[in-house]
*Asks:* 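Dropping the structure in here first, questions after.
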Amino acid sequence: MNTELLNALNPDQRKAVESIDGPVLIVAGPGSGKTRVITYRIAYLINVVGIRPYHILAVTFTNKAAREMKERLEKLAPGSIKDITMGTFHSICAGILRREGEAIGINRDFVIFDADDQEKLLKRAAEEIGVDPKKFPLKKIASAISHAKSQLQTPERFRDKSHSYFDEIVVRMYEHYEKMLRANNAVDFDDLLLKTVFLFQRQPSVLKRYQERYVHIMVDEFQDTNLVQYELVKQLSGHHRNIAVVGDPDQSIYSWRAADLRNVFNFERDFPDRSVHYLEQNYRSTDTILQVASGIIADNRERKEIKLWTQNEPGDKVCLIEAYNEQEEAQIVVREAERMSASGKYRLADMAVLYRTNAQSRVLEESFIHYGVPYKLVAGTRFYERREVKDLVAYFRLIHNPADSVSLMRIINVPTRGIGDKSIVDMQAWARQRDLTLWQALEAASSSDDKPPLTSRALAAFDHFYRLIQTLIEDSRQLSLLQLFGEILERSGYQLYLKTQPDAEERLENIAELRTVAEQFNNLPSGDALSFFLESVSLVSDVDNLKENEGGVTLITLHQAKGLEFPVVFIVGMEESVLPHFRSLEDPSQMEEERRLCYVGVTRARQRLYLLRAFRRSMMGSSKVNEPSRFLGAIRSDLTTGSLPKADAPKTQTGVKKIYEYSTRQAQTPPRMETRRPATSMAPVVSAGRPVKSDRPVAPLFKTGDQVSHPIFGDGVVISTMPVKNDHEIVVSFKTVGLKKLLLSFAKLTKG
DNA sequence: GCGGCGGGCTTTTTT
DNA sequence: AGCCCGCCGC
């Protein structure tokens with residue numbers, strides 16, 4: 001392949017691809033072929049300039065973006081992708097720390113603590129240093145610490161800048177929290193970045209190696225990087241200085257996560273010899289949609305003005321709809337989606353519903369379920385946040401890194417094995433006295449004569465747990481990851497325990513799903529397998545698993561929708577207090593971010609855009625009347641229509657029969673309000689790509705005395721039935737396992 | 001030590 | 001309206 005590949009690009013894109021020497025800033029509007037430029041640039045470097053893939057580093061915003069870019073690249077420069085370094089800042093840094101961390105005292109078996117683990121650690125920190133979480137909410141402290149870390153502030157540096165009483169508390173918590181992380185051999189998300197920067201600062205020889213390796217560096221979504229990430233970019237590009245950053249200040253929407261769009265402006269200051277390229281031609285949206293978007297963003301002050309234009313047709317007008325309340329809003333969305341899918345012009349998978357807060361998804365889901373229209377929810381209950389998944393991952397983490405006391409605490413009594421809070425507190429105190437980790441304390445209590453002051457019964461329980469994990473650790477050295485998976489489920493009694501839970505079936509399915517994730521790592525050497533498995537579990541995001549082109553309508557937050565596109569987009573909740581969010585009403589710079597968020601949403605649409613609002617909406621319990629969003633006021637009225645677009649198909653059908661024709665994946669009861677399944681069963685057809693079965697057969701009603709059969713528990717007799725919410729709770733006496741309480745909608749009970 | 005129940009509190013967006 | 005926490009009884 002040669003320079004022919006450049007013919008697929010427009011002149012601006014081509015210049016951006018060809019300018020490979022020195023620092024480059026590419027300002028790329030939405031839909032301007034940004035990903036295309038980055039991909040072609042890499043292909044150009046490899047195929048034309050002759051750079052070895054090994055010398056290229058590309059940073060993406062999500063793992064999904066990296067995966068897709070690799071797929072495209074494989075076509076342009078076959079065989080190159082295995083040697084390119086490509087991924088998110090977090091995953092790239094995790095790799096560097098895994099390899100080089102020893103140099104700054106980070107053990108290679110470190111685990112990555114997520115927000116949940118972090119909060120547990122902070123809670124313990126608060127207890128230990130006597131901070132009242134009611135006075136100083138842990139979430140606030142966590143966010144303050146995270147912010148400090150994102151600005152390269154160690155506790156010492158933070159202390160110098162702190163002025164308020166709250167800051168002082170944060171300093172004390174921050175210091176203690178850091179100690180605890182170290183004791184747990186753990187790092188948090190911010191640490192992945194921060195520690196890598198520190199590593200490079202303290203070990204110039206290590207930095208030099210990476211600097212020399214990465215001859216060409218590219219960073220996507222640069223407007224959403226924070227200070228630490230920018231510092232990392234500067235460090236890595238310090239030698240060759242071939243650094244290309246791609247971004248659009250108008251799409252910066254993560255300032256609350258300490259992203260700083262000023263990085264884009266500072267880049268020009270810090271690299272005075274940079275070249276700048278603007279990508280302004282939009283290939284994605286109709287002219288109408290683009291003009292709506294431009295009108296909305298024009299009100300912002302802090303921006304780098306770019307003139308978006310397109311050769312695309314004006315297309316349909318943007319549709320503004322006012323519903324009475326959020327239920328009606330959702331109903332309109334679903335029916336309209338259904339209508340368009342029936343017309344044959346669009347598939348359900350071509351459509352997306354975008355919203356400001358996750359809470360808005362619930363009503364939408366209910367509506368999709370009610371009308372039997374397939375949908376997929378991105379996030380909601382994130383797969384890795386489900387209890388059974390977290391529990392099992394905790395076993396893996398503890399086996400990998402016994403110093404991880406958060407994981408230890410999570411599972412020490414799950415399933416229950418007679419270790420209560422009192423014993424744990426005593427054991428912790430004993431460990432602390434001797435300056436041992438909890439695991440070391442268990443080890444000591446089991447093997448030496450120096451035992452903590454506990455009842456022999458409690459000691460036996462601890463000993464039992466200790467030996468369980470010890471056995472599993474030994475297993476982990478010899479067995480494959482999947483074999484280890486099985487051993488954990490068996491030996492810990494977790495599988496048995498799950499089977500006694502009321503929603504056992506769904507949980508076991510999730511465990512099975514986790515197993516398929518583990519399967520992908522099974523061929524690696526056993527030590528690596530566990531380590532990579534855990535890393536991937538920690539660093540995936542919900543969008544990473546989204547398959548836009550299959551299944552039903554996508555339900556997604558505006559933030560998650562960044563970088564995606566859909567032929568048809570519905571944005572719901574176009575109201576003051578929702579979008580813009582009420583937390584942003586007072587602060588002009590936050591208001592600018594809300595406007596950018598709205599802009600991002602609008603520019604996801606290729607052909608059709610619906611902007612919906614509700615006259616009345618229940619928020620935090622009570623019903624509120626909100627004004628239409630100020631962003632609607634920025635739209636020229638000749639670009640919009642106030643009613644549904646003219647039907648391109650008969651639109652009379654709303655009934656049950658029709659719905660079945662469009663439903664490909666959901667075979668459920670005809671929609672009737674009174675048969676709606678309970679909230680817990682509102683499982684999406686596909687949750688971020690991880691299928692969750694939702695087509696359970698409707699169980700016949702049982703009455704007391706009926707002989708029944710259960711796939712796991714076997715035969716039994718119904719003792720009682722009781723209606724709860726939209727479901728029935730049934731108590732069954734099984735021949736083998738005795739009394740069990742079951743939910744009718746979940747248990748696969750059959751007569752006989 | 002365990003599990004059930006009631007009360008108070010909270011809700012932005014996430015690698 | 002949901003979730004977590006703490007209290008209570010077994």
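Protein chains get the first letters and strands the later ones, always in sequence-line order, with residue 1 at the start of each.
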*Asks:* Base, sugar-phosphate or nothing for I419(A)? Non-hydrogen atoms, less than 4.0 Å.
*Replies:*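 I419(A): backbone/sugar contact only, no base atoms under 4.0 Å.
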*Asks:* As a test of reading the structure: which of dT14(B), dC2(B), dT12(B) is closest to the side chain of R583(A), going by heavy atoms?
*Replies:*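 Nearest to the side chain of R583(A) among the choices is dT12(B).
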*Asks:* Let's see if you can work this out: which of dT12(B), dC2(B), dT15(B) has an atom nearest to the side-chain heavy atoms of T357(A)?
*Replies:*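 Nucleotide nearest to T357(A)'s side chain: dT12(B).
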*Asks:* Examine the side chains of E221(A) and Q223(A) and answer whether a donor and an acceptor come within less than 3.5 Å of each other.
*Replies:*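 Q223(A) and E221(A) do have a side-chain donor-acceptor pair below 3.5 Å.
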*Asks:* Taking 4.0 angstrom as the limit, do E178(A) and K195(A) come out as a salt bridge?
*Replies:*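 A salt bridge links E178(A) with K195(A).
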*Asks:* May I ask you to say whether R303(A) pairs ionically with E592(A), meaning some side-chain N is under 4.0 Å from a carboxylate O?
*Replies:*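 Here R303(A) does not pair with E592(A) in a salt bridge, since their nearest N and O are not under 4.0 Å apart.
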*Asks:* Report the distance from atom OH of Y230(A) to atom P of dT15(B), rounded to the nearest whole Å.
*Replies:*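 Roughly 25 Å, once rounded to whole Å.
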*Asks:* Let's see if you can work this out: which of dT15(B), dT12(B), dG1(B) has an atom nearest to the side-chain heavy atoms of F189(A)?
*Replies:*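 The closest nucleotide is dT15(B).
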*Asks:* Is the distance from OP1 or OP2 of dT14(B) to the nearest side-chain N or O of Q560(A) less than 4.0 Å?
*Replies:*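 Yes, Q560(A) has a side-chain N/O under 4.0 Å of OP1/OP2 on dT14(B).
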*Asks:* Can you figure out which of dT12(B), dG1(B), dT14(B) approaches the side chain of Q590(A) most closely?
*Replies:*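 Of all the options, the side chain of Q590(A) is nearest to dT12(B).
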*Asks:* For D587(A) and dT13(B), what is the distance between atoms CG and C1' respectively, to the nearest whole Å?
*Replies:*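 Interatomic distance, CG of D587(A) to C1' of dT13(B): 15 Å.
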*Asks:* Please state how far atom CD1 in I253(A) lies from atom C1' in dT15(B), giving the value in whole angstrom units.
*Replies:*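 Atom CD1 in I253(A) sits about 13 Å away from atom C1' in dT15(B).
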*Asks:* Any side-chain N or O of S618(A) below 4.0 angstrom from OP1/OP2 of dA1(C)?
*Replies:*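 S618(A) to dA1(C) OP1/OP2: no side-chain N or O under 4.0 Å.
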*Asks:* Would you call K34(A) and D248(A) a salt bridge, taking side-chain N to carboxylate O under 4.0 Å as the test?
*Replies:*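 Looking at K34(A) and D248(A), the cut-off is not met.
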*Asks:* Applying the 5.5 Å / 30° rule, does H559(A) stack onto the base of dT14(B)?
*Replies:*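 Base of dT14(B): not stacked against H559(A).
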*Asks:* OP1 or OP2 of dC5(C) versus the side-chain N and O atoms of K123(A): is any pair under 4.0 Å?
*Replies:*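 Answer yes for this pair, as a side-chain N or O of K123(A) is under 4.0 Å from OP1 or OP2.
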*Asks:* Nearest to the R356(A) side chain among dG3(B), dT12(B), dT15(B), which nucleotide is it?
*Replies:*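 Comparing dG3(B), dT12(B), dT15(B) against the side chain of R356(A), the answer is dT12(B).
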*Asks:* Give one of base, sugar-phosphate or nothing for N413(A), where a contact means two heavy atoms less than 4.0 Å apart.
*Replies:*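 If one applies the 4.0 Å heavy-atom cut-off, N413(A) turns out to touch the sugar-phosphate alone, with no base involved.
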*Asks:* Any chance you could lay out the side chain to side chain donor-acceptor pair (under 3.5 Å) test for Y177(A) and D188(A), step after step, and finish with the verdict?
*Replies:* CA-CA 11 Å; Y177(A) 170 71; D188(A) 62 23; 2.7 Å; yes
*Asks:* Check whether any side-chain N or O of N226(A) sits under 4.0 Å from OP1 or OP2 of dT15(B), and answer yes or no.
*Replies:*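 No, outside the criterion.
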*Asks:* If you check the H581(A) side chain, which of dT15(B), dT14(B), dT12(B) turns out closest?
*Replies:*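 My answer, after comparing the listed nucleotides, is dT12(B).
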*Asks:* Is N358(A) near enough to dT13(B) that one of its side-chain N or O atoms lies under 4.0 angstrom from OP1 or OP2?
*Replies:*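 True: N358(A) side-chain N/O within range (under 4.0 Å) of dT13(B) OP1/OP2.
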*Asks:* Check whether any side-chain nitrogen or oxygen of S584(A) sits under 4.0 Å from OP1 or OP2 of dT12(B), and answer yes or no.
*Replies:*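 Result: no.
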*Asks:* Using the P atom as the reference point in each nucleotide, state the distance between dT13(B) and dC4(C) in Å, no decimals.
*Replies:*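 Roughly 15 Å separates the two P atoms.
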*Asks:* Does S423(A) reach a base, just sugar-phosphate, or nothing at all? Heavy atoms under 4.0 Å.
*Replies:*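 Touches sugar-phosphate only.
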*Asks:* Please check the phosphate of dT15(B) (OP1 and OP2 only) for any side-chain N or O of S541(A) closer than 4.0 Å.
*Replies:*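 Yes.
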*Asks:* When you measure only distances, ignoring hydrogens and angles, does the side chain of W256(A) come within 3.5 Å of the base of dT12(B) through a donor and an acceptor?
*Replies:*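 Under the 3.5 Å cut-off, the side chain and the base do not form any donor-acceptor pair.
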*Asks:* Closer than 4.0 angstrom, basic N to acidic O: yes or no for K422(A) and D426(A)?
*Replies:*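 Result for this pair is yes, salt bridge flagged.
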